[in-house]
Amino acid sequence: MISINSIYGFYQTLFSQFPSGNGEFLMTYDAIQDLLKTVSFYNTVNITQTFARDGEPYITVKAGKDKNIFELTFLESGEIVHYQDIPTAAKAIEEMLNADPVL
């Protein structure tokens, strides 16, 4: 069984390694994949992961009953997109979080 302290330690280590220089942390592809693996593994307990962009909640992700389906919800528009596997979902999230904002 995984304890809350071990999960906290994992995230603390994960985020401390990737400062962006502006007080926020950049999520790498590998870090996003690890988060999605956790969400997938615990899909029966309804975990939702929120990703922020520019300090504001931007996307939520949760796993479907089938561990390999990921539902991404864009919080501003309410648009929902589904991805069929961890690598594809992780790449999409990485690109969305690191894309230049639309002016």
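It should be emphasised that the depicted structure is a prediction, and the values quoted were computed from it without experimental measurement.
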Handout entry: Nearest-0.5 Å distance that lies between atom OG1 in Thr28 and atom CG in Asn98
Key =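 Taking OG1 in Thr28 and CG in Asn98, the distance rounds to 9.5 Å.
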Practice task
Can you measure from CZ (Phe70) to CD (Gln49) and round to the nearest 0.5 angstrom?
Solution key: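 If I round to the nearest 0.5 Å, the distance is 11.5 Å.
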Exercise for the section: Evaluate the side-chain proximity of Thr38 to Leu36: yes if any heavy-atom separation is below 4.5 Å, no if none is. Expected result: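 Heavy-atom side-chain distance check fails, nothing below 4.5 Å.
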Problem - Same cluster (ILVMFWY, side-chain, under 4.5 Å), Leu35 and Tyr29 - result: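 Different clusters: Leu35 never reaches Tyr29 through Ile, Leu, Val, Met, Phe, Trp or Tyr contacts under 4.5 Å.
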Practice task
Examine Ile80 and Val61 and state if one hydrophobic cluster contains both, with Ile, Leu, Val, Met, Phe, Trp and Tyr joined whenever side-chain heavy atoms are less than 4.5 Å apart.
Solution key: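 No.
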Closest heavy-atom contact between [X] and [Y]?
X	Y	answer
Thr48	Thr60	CG2-CB, 3.6 Å
Ile47	Lys62	O-CB, 3.5 Å
Thr50	Leu75	CG2-CD1, 4.4 Å
Ala63	Ser40	CB-CA, 3.9 Å

Practice task
List for me each residue that meets side chain to side chain donor-acceptor pair (under 3.5 Å) alongside Tyr83, sequence neighbours excluded, and say none if there are none.
Solution key: none
Completion exercise
In short, side chain to side chain donor-acceptor pair (under 3.5 Å) pairs touching residues 71-80 with sequence neighbours left out are Glu71-His82
For residues 86-96, please give each side-chain donor-acceptor pair under 3.5 Å, one per line with the distance, not counting sequence neighbours.
from  : atom 1 : to    : atom 2 : distance (Å)
Thr88 : OG1    : Asp85 : OD1    : 2.7
Thr88 : OG1    : Asp85 : OD2    : 3.1
Lys91 : NZ     : Glu94 : OE1    : 3.4

